[in-house]
**Q** 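Below you will find the structure I want to go over with you.
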Amino acid sequence: MSAVIQPDLGPAKAAPPREASGARLAVRRFLRNKLAVVGLAVVVFFFLFCFAGPLVYSTDQTHTMLQQVNLAPSGAHWLGTDAVGHDELGRLMYGGKVSLIVGVAAGVLATVIGTLWGAAAGYAGGWIDAVMMRIVDAGIAIPALFILLVVSAIATPGLTGLVVILGLVSWLVPSRLVRAETLTLKNRDYVLTLRATGGTHARAILRHILPNSVSTIIVAATFQVADAILLVAYVSYLGMGVRPPQTDWGGMLSAGLTAAYSGYWWLILPPGLAIILVVWAFNAIGDGLRDAFDVRGRG
Amino acid sequence: MTATTKGSAARTAASGPILELDDLGVVFTTETGDVPAVKGVSLQVRPGETLALVGESGSGKSTIALAAMGLLDGNAQATGSAVIAGTQIVGASENGLAALRGKTVSMVFQEPATALDPLTRIGKQITEVIRNHREVSAKDAAAEAVELLRRVGIPEPEKRAHTYPFQLSGGQRQRVVIAMAIANEPGLLIADEPTTALDVTVQAEILDLLRRLAADTGTGVLLVTHNMGVVADFADRVAVMYHGEIVETGPVEDVLLRPAHDYTRRLLAAVPRLAVTETADGTGRPAVSVPARTNRSAAEPSASPAGPGGPASETVVELRDIDVVFGRGKAAVRALDGVSFRVGPAETLGLVGESGSGKSTAARVALGLIPPTSGTVSLFGADLGRTRARARRALRAGIGVVLQDPVASLDARMTVGECVAEPLRVHRRDLSAKDRQAKVAAVLDRVRLSRELARRAPRELSGGQRQRVSLARALILEPRLLVADEPTSALDVSVQEAVLEVITELQDELGFACLFVSHDLAVVQHFAQRVVVMRAGRIEEQGSTGTTLLHPETDYTRRLLAAVPVPDPVVQRGRRAERLATLAAGRTEAQA
Amino acid sequence: SGGGTSSSSGSASSDTINYALPANFTPNWILPVGTASHLNTNNSSISQAVWEPLIAYDGSTGKVGWNKDNSLATDAKFAADSKSVTVTLGDRHWSDGKQITSRDVEFWFALVKANKEDWASFSPGKAPDNWTSFKTIDDTHFTITFDKAYNQEWMLANELSMIRPMPQHVWDKTSDPGAVSDLDRTAAGAKKVWTYLNNAAKKISGYATDPLWKTVSGPYTIKSFSTAGKVELTANAKYDGGGKANIKNVNLLPFTTADAEANALRAGTVDYGYINATDLSQESSFKARGYSVKPWTGWAITYMPYNFNNPAMGSVFKQLYARQAIQMSVDQTTLSKVVFNGTAVPTYGPVPQGQDSSFVSPEQKTNPYPFDTAKAKKLLTDHGWTEQGGTMVCTSPGTGDNQCGAGVDKGTTFEMQVLSQSGSTVTDNMMSALQSSFAKTGIKFSIKTAPVNSVLSQSGQCTADESGCTWQLSFFGTAGSWYFPAYPSGDSLFATGGGSNFGSYSNAEVDKLITETTTSSSNEAVRKYSAALAKDLPVIWLPEPDYQISVVKNGLGGFAQDSLANFHPAMWKWTK
Amino acid sequence: MSTSSYLIRRVLQAVAVIVIVTIVVFGLLHALPGGPARGILGPQATAQQIAHFNHEQGLDKPLPVQYFYYLGQLLHGDLGTSYTLNEPVSQLITERLPKTLVLTMLSALVGLVLAIPMGMWQAVRRNKPVDYVITTLSFIAYSTPVYFLGLILVLVFSQGLAWFPSQAPQGETLGQVISEPQALVLPVVAGAASMVAVFSRYMRAATLENLSEDYVRTARAGGSRARAILWRHVFRNSLTPVVAMLGYYVPVLFGGALVVEQLFNYPGMGLLFWTAAQSSDYPVLLGCVLVIAVATVVGTLLADIVQRIIDPRVKAGRA
Ligand SMILES: Nc1ncnc2c1ncn2[C@@H]1O[C@H](COP(=O)(O)OP(=O)(O)OP(=O)(O)O)[C@@H](O)[C@H]1O
Ligand SMILES: Nc1ncnc2c1ncn2[C@@H]1O[C@H](COP(=O)(O)OP(=O)(O)OP(=O)(O)O)[C@@H](O)[C@H]1O
Ligand SMILES: [Mg+2]
Ligand SMILES: [Mg+2]
């Protein structure tokens with residue numbers, strides 16, 4: 001593998017600068033990352049597609065139409081119809097609402113909780129760290145599947161509930177990661193300087209440790225978003241997801257897959273591509289955000 | 001004295017320049033605009049010759065050094081030509097340069113704190129450089145690495161070779177970087193402020209080492225420094241930089257004794273001189289008296305303001321019987337051993353001593369950043385070990401801190417402006433954004449930094465600029481106590497003078513106490529009222545600067561003083577010969 | 001690959017066959033008697049291949065009836081009063097050479113009598129409660145007496161068919177080294193023997209090696225049996241019955257999912273397998289690989305019970321017109337055709353309609369409540385309901401003809417929730433379709449899903465004041481289809497207090513009819529019962545999906561797919 | 001803190017974590033409405049049979065009594081007996097676990113061996129075509145559900161090209177499993193895919209971070225070639241987040257194994273767990289959760305220790 005690598009540590013070019021304010025600089029740093037811009041465009045597109053799309057392309061997503069199931073794409077149904085006769089394109093918009101909302105909200109929730117928890121534990125050190133991390137260990141050690149199974153047997157949460165549950169089962173990973181980062185960051189001289197001059201711990205964590213762990217956090221966050229989008233489908237399998245007539249991309253995909261051998265590609269590719277594109281786009285945005293926060297002027 | 005000159009002259013004649021810069025220009029692209037750091041610089045270094053590059057902080061010295069190595073940052077654009085031993089560096093491929101670097105040319109970086117891989121033992125890091133260019137067995141290379149550590153004056157090199165960078169003091173790290181640079185006896189050594197973190201005795205040893213290298217292997221040296229004493233001591237020729245251009249160049253005697261350019265003259269005028277009196281101990285060492293030109297220290301004894309109640313009754317910070325032991329078992333290092341001192345209001349205490357003697361550790365203990373193994377620290381009359389977190393924070397609100405390493409102490413994710421404004425954000429939350437900006441601008445002015453820099457990232461600054469940012473941050477809140485660990489080590493003398501003046505002014509105005517760690521005895525003499533001399537974790541002697549530095553009681557202090565180079569090449573050469581002779585005598589004595 | 005290494009040879013000339021067990025099923029029991037947790041048709045199919053039943057009453061020949069080839073008994077004569085039966089055993093031998101006698105039947109009888117609480121097939125009042133005595137006449141004849149007169153077919157098909165003669169001369173002991181004696185003849189002894197045999201049967205790893213299981217009466221013996229689920233059977237050389245094995249080696253292969261199984265089919269490593277209903281469109285591709293696709297219909301009904309005791313909706317469900325409106329909103333024909341891809345049969349009453357039988361009443365057959373949401377809507381508006389925002393609301397409470405009915409308060413919205421099995425696309429699709437058609441009637445139907453065992457645990461019988469009575473409708477999915485014994489009496493399903501009457505349906509009239517199905521001497525009783533329930537709608541009748549869509553290698557024949565959902569490996573035969 | 005006292009403390013904490021896990025899991029399990037009887041006995045079971053079952057399994061006793069009974073058994077190495085398979089849980093697990101371990105270990109190994117160089121390569125080639133391509137592939141790999149990926153693998157490599165069998169090795173023993181390496185290819189690939197995606201992302205981020213550190217410049221100045229710098233310095237410095245991830249990745253691996261085992265007809269521990277969950281087989285469920293928990297706790301413990309080894313600053317509490 002190493003033989004393939006042709007590292008190139010040499011200098012890279014940067015765009016010519018102009019005078020600008022801090023916030024605008026950040027925006028400019030973000031925009032300089034072409035991929036991030038594309039990612040942003042993709043996300044914006046999907047939000048528009050899901051939330052404004054039905055205004056343009058309106059379909060009936062509450063009633064099944066058993067007379068017209070599994071139809072291939074045509075002028076009447078641009079992406080065909082699914083196993084109970086819903087228009088697939090309309091369904092993609094309909095399901096996308098849930099996937100986008102839950103994915104982003106649960107992903108963000110998990111990342112925020114995990115990040116704060118991990119930073120606090122790593123920063124505090126000593127027995128506080130030990131206790132906090134053992135709680136995380138215990139949480140990680142209990143398979144999420146088991147918890148979801150139990151929860152789904154007891155309750156059927158709404159959308160908010162879903163976000164909270166998914167957030168609560170997935171914050172553990174980011175917390176461990178951020179703690180590891182914190183351990184190496186908390187004794188940096190700039191943190192020591194802050195502490196020696198009476199800065200609060202909160203500031204040390206929020207202004208120094210977290211920004212310096214931002215790349216780890218962002219990678220974690222993008223995975224959390226992806227996880228959440230996929231998890232919604234998974235918990236549907238356990239009976240905890242959104243209820244019909246609502247749906248989500250993951251659910252559409254797994255339902256479509258049962259017809260994989262029948263060649264109903266229009267039931268598989270659209271939700272599959274949508275998930276992949278959105279996940280990819282969030283990652284690209286994450287990358288761009290990292291650049292935006294990064295004043296280090298790395299070439 | 002003549003021998004050295006002759007030797008290098010002979011070599012110079014023999015071959016062409018090892019380094020030749022021709023119309024070199026470097027422009028940095030930043031978000032706040034282009035920075036033309038170097039403009040059309042041409043210079044040459046011949047084998048065996050030492051060229052000293054001096055000049056104002058931020059004038060482009062480091063940039064030239066990096067450009068010559070092909071190591072400029074990604075946002076830099078070099079033009080013109082830089083040729084090392086016949087190889088064009090500007091625009092060369094990375095792979096071609098790798099063969100050159102570390103062998104034909106090597107470099108000592110300005111900031112040693114972050115220059116070493118934190119997870120690799122220092123011995124291995126040196127070994128790596130050796131094995132990059134020579135077919136040596138790992139074992140032999142390791143032995144060589146230990147030898148190199150010994151040569152740069154690291155005590156117990158066998159043991160230290162196995163330590164990690166974080167276990168070393170600032171000066172020790174710098175010496176490791178030097179060891180790496182000379183590992184392969186390069187044809188050209190570029191040394192960017194190689195001795196900033198070193199105390200004078202070690203500095204003298206290192207300079208001797210480099211000189212021997214130049215003499216024995218014909219290494220050409222491009223020495224970037226702000227220390228005119230070092231220049232005088234070491235350089236054959238001098239180039240003076242100002243605002244990215246070379247304003248004056250010539251043999252060291254000419255430039256230092258008969259400066260032509262206006263800036264050079266100003267620079268030399270700002271050099272602080274150590275006042276030394278004839279010693280009465282009868283060691284027979286001839287005293288050197290230095291003309292005190294702009295010697296402010298003359299007024300020093302009276303400078304200590306006798307506040308109400310006097311400094312004796314009130315204590316800002318006090319260390320009592322402090323021991324600090326790092327690690328345990330075999331690897332334990334006793335960094336401090338029964339250290340006690342106190343600093344009163346409006347008083348400046350200078351902490352001096354050789355590298356690794358525990359100065360930084362003591363400063364950190366005083367700040368409560370390192371819990372002492374035993375002993376107590378009191379801050380503004382409260383025992384730090386026993387105050388609760390909230391109260392401790394309140395106490396600390398009145399402290400300004402400059403830690404030794406300017407790179408490491410600035411958060412790379414913040415702009416300079418944000419770094420400086422941080423104490424305001426912590427303790428003056430009522431301040432409006434505009435007021436805050438105004439204050440930041442004001443304090444940047446005071447440390448002689450352009451306001452423009454506020455929007456740059458710390459890594460886009462020169463070493464001296466970063467150090468001043470650190471200082472600005474410490475001063476912005478008008479502290480009651482300033483703890484400054486080598487706050488001017490990276491500054492050229494003219495800026496240093498200005499900055500120290502600012503601190504003095506502020507101190508007069510605000511009456512804050514100051515714990516000032518430095519290895520520059522001249523600065524301490526000018527700046528501090530009292531001085532504590534440290535050695536190997538213990539206090540060797542302490543007293544008022546006037547008495548202690550003028551009439552030292554211990555040999556150690558005397559040796560420190562004697563090693564301070566003076567910015568007069570002629571005088572300095574004499575002194576060096578003197579010192580070497582004593583040393584040699586000492587050695588033979590010890591051997592006998 | 002895998003199972004293929006030993007068996008990719010699944011060709012016609014071979015003496016081996018690879019049969020795919022249902023997805024995610026691990027065989028775990030072979031003892032002919034056992035506790036409820038081992039009740040599973042696949043276990044019993046294996047067990048019956050090793051220990052032949054006394055009376056094999058099944059669909060193995062294509063029509064449900066007594067298959068004497070696979071039975072130890074050759075005749076069963078009911079007394080004229082239908083209160084006893086005398087059975088004749090054939091001249092058959094255990095694999096160790098000993099004759100199979102009445103004593104072996106008595107042994108089973110005694111064990112089950114003494115341990116009926118633990119016996120999987122027990123339901124109070126039924127066998128063995130209603131068998132009052134067992135009398136041996138001679139080695140091949142015995143008489144069983146009942147507590148009252150019973151319908152003979154019912155007795156034969158539903159009760160006597162459960163009898164499994166067991167080798168008393170080997171098994172009547174209480175420990176491995178223990179001596180065999182007549183321990184079963186005392187109740188205490190029978191309990192100990194039961195315990196011993198059950199404990200022995202818990203050691204799956206011993207199935208192929210324990211000498212206990214070497215004495216068999218069926219066409220096969222166990223060659224290997226792993227806890228991971230793979231079972232290998234090999235022909236019993238000493239078999240002397242009519243159902244001799246045609247293929248020497250039978251490999252029963254476990255699969256984790258239907259998809260994994262379908263992959264094995266495509267790879268040709270399975271001779272007799274199955275596919276999902278959704279893959280039916282793949283038929284041609286399987287044909288091209290040398291298979292034929294044969295749906296396997298089951299003798300079963302599928303339905304969704306109402307919880308008549310639910311505090312919110314119970315009183316609505318109790319209204320017949322309401323149930324009619326609900327049933328009229330279920331389009332079974334389209335559901336069968338579209339959602340099930342044609343692999344389900346509309347069923348309008350308590351008797352399976354997948355097979356022709358004399359049990360189905362004309363009323364049930366013709367569907368008393370054909371799909372018509374307009375009519376359903378009218379039914380509701382005629383009874384005091386008014387549509388508000390798409391959902392019916394009771395606006396005219398009271399017990400009058402055009403009012404909502406007893407217990408239905410003013411303002412009650414017609415809103416019901418089903419607790420449904422999760423994880424099945426077909427079920428999800430059916431629920432969506434139902435939701436959509438209910439909406440057309442003005443009934444709001446919300447779907448809550450949970451894993452099937454959780455659905456089962458949450459939808460038990462309850463009274464209105466119990467906290468666990470919140471479920472309104474429940475659906476166990478196709479796994480919960482109710483498979484009947486040969487005679488489709490609805491004893492435990494719809495009788496008041498019946499063991500599996502989850503929704504507490506209660507109708508005195510129906511109770512009487514149910515009793516008659518087991519006691520009256522003609523099938524007319526079942527037809528009456530069928531008609532009554534088709535009209536009274538104790539549950540929501542739903543299409544009955546096929547047991548499985550079998551995919552069978554060409555050349556494998558000689559068998560019919562047993563609608564009672566058992567497989568009979570001895571009948572399988574390579575025909576070319 | 002010395003290493004031995006650190007180890008002792010950490011192991012004690014790990015034990016405490018496992019005890020907490022057992023309490024939580026036991027409590028949750030018994031908070032399930034309805035209990036396991038219905039799920040085990042099926043819809044046709046009568047009330048008597050259910051009561052009988054509950055009595056037989058001690059489910060009618062108060063919860064704490066049940067818990068301490070379970071704990072007592074546990075201390076004797078007894079995990080109870082499966083409701084549905086009759087076998088002792090410990091035996092079931094010893095039969096299944098090795099198969100799953102083969103799968104997960106291979107997946108993890110393959111995943112890491114690919115991911116780490118890939119992440120570093122991307123960092124070095126940041127914003128160049130390779131980086132974009134690998135990033136995109138990573139995200140496709142990550143956002144493709146394992147069951148989907150498995151299906152595609154089977155479709156393409158088993159049914160289409162017929163390179164590999166569609167089923168994992170069907171042998172019962174470890175030896176038999178390993179003797180069919182070609183049958184392990186698809187399951188291992190399916191299991192490793194998301195791992196490659198995750199770890200290459202973290203590695204890329206960490207490497208990028210480190211590439212801009214000053215020590216890289218020092219190494220360059222010493223004449224070290226780019227590749228040497230990458231592997232000797234940047235690699236180790238970038239491992240911290242990856243190592244922190246590894247410990248936590250144990251349950252993820254098990255979760256992945258569950259799906260992979262289903263897809264490739266490979267009855268291992270994941271499947272045992274899944275089946276037990278589906279059929280309310282509490283003893284097996286508890287046993288599996290316990291094994292996974294212990295594996296995870298050991299994994300995180302090892303991760304912490306490895307972190308101490310690779311980063312001496314952590315040990316010195318100075319980091
Ligand atoms: N974390 C640590 N672990 C082990 N040893 C340490 C550690 N920090 C410092 N030391 C050792 O303690 C001694 C004192 O270090 P200190 O940094 O106080 O020296 P200093 O006087 O500031 O030197 P310099 O002038 O070179 O900065 C040195 O020998 C150093 O190696
Ligand atoms: N990466 C960078 N991006 C933008 N500007 C830079 C960068 N590095 C240095 N500069 C600017 O270039 C100028 C020259 O910097 P350089 O580091 O060469 O100064 P110097 O002479 O070494 O000063 P000092 O004595 O303080 O180290 C300074 O004004 C500095 O702010
Ligand atoms: Mg510099
Ligand atoms: Mg220091």
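Both backbone and side-chain heavy atoms feed into the values below; hydrogens, waters and symmetry mates do not. All of these numbers come straight from a predicted model, not from anything done at the bench. Note on naming: letters A, B, ... go to the chains in the order of the sequence lines (proteins, then strands), and numbering restarts at 1 for each one.
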**Q** Given heavy-atom pairs under 4.5 angstrom as the criterion, report whether the side chain, backbone, both or neither of L285(D) touches chain A.
**A** side chain
**Q** Would you say the side chain of T222(A) lies within less than 4.5 Å of the side chain of R201(D), judging by non-hydrogen atoms?
**A** no
**Q** Checking heavy atoms, do the side chain of L28(D), its backbone, both or neither come under 4.5 Å from chain A?
**A** both
**Q** Rounded at 0.5 Å granularity, tell me how far CG in N237(D) sits from OG1 in T184(A).
**A** 9.5 Å
**Q** For L290(D), is it the side chain, the backbone, both or neither that has a heavy atom under 4.5 Å from a heavy atom of chain A?
**A** neither
**Q** Is it the backbone or the side chain of Y249(D) that comes under 4.5 Å from a heavy atom of chain A, or both, or neither?
**A** neither
**Q** Using a cut-off of under 4.5 Å on heavy-atom pairs, state which of V25(D), V297(D), I20(D) scores highest against chain A.
**A** V25(D)
**Q** Taking atom CG of L177(A) and atom OH of Y202(D), what is their separation to the nearest 0.5 Å?
**A** 4.5 Å
**Q** Between A220(A) and chain D, which part of the residue has a heavy atom less than 4.5 Å away: side chain, backbone, both or neither?
**A** both
**Q** Report the distance from atom OG1 of T296(D) to atom CG of L172(A), rounding to the nearest 0.5 Å.
**A** 11.0 Å
**Q** So which atom in A141(A) and which in V21(D) form the shortest heavy-atom distance, rounded to 0.1 Å?
**A** CB-CG2, 4.1 Å
**Q** Is the shortest side-chain heavy-atom distance between I140(D) and W280(A) below 4.5 Å?
**A** no
**Q** Heavy-atom cut-off 4.5 Å, strictly under: side chain, backbone, both or neither for V198(D) against chain A?
**A** both
**Q** With chain D as the partner, which of D227(A), N33(A), I135(A), I275(A) has the greatest number of non-hydrogen pairs under 4.5 Å?
**A** D227(A)
**Q** For V146(D), is it the side chain, the backbone, both or neither that has a heavy atom under 4.5 Å from a heavy atom of chain A?
**A** neither
**Q** Is S254(A) in contact with chain D via its backbone, its side chain, both, or neither, using a 4.5 Å heavy-atom distance?
**A** both
**Q** Tell me, side chain or backbone of L273(A) under 4.5 Å from chain D's heavy atoms, or both, or neither?
**A** neither
**Q** Among I218(A), V178(A), V136(A), L230(A), single out the residue with the greatest number of heavy-atom pairs under 4.5 Å to chain D.
**A** L230(A)
**Q** Given side-chain contact (heavy atoms from CB on, under 4.5 Å), test D304(D) with R176(A) step by step and report yes or no.
**A** CA-CA 10 Å; D304(D) 281 357; R176(A) 252 193 102 79; 2.7 Å; yes
**Q** I need the minimum non-hydrogen distance between R10(D) and D137(A), along with the two atoms involved.
**A** NH2-OD2, 3.7 Å
**Q** Could you walk me through whether F146(A) and I292(D) pass the side-chain contact (heavy atoms from CB on, under 4.5 Å) check?
**A** CA-CA 11 Å; F146(A) 175 78; I292(D) 296 173; over 6 Å; no
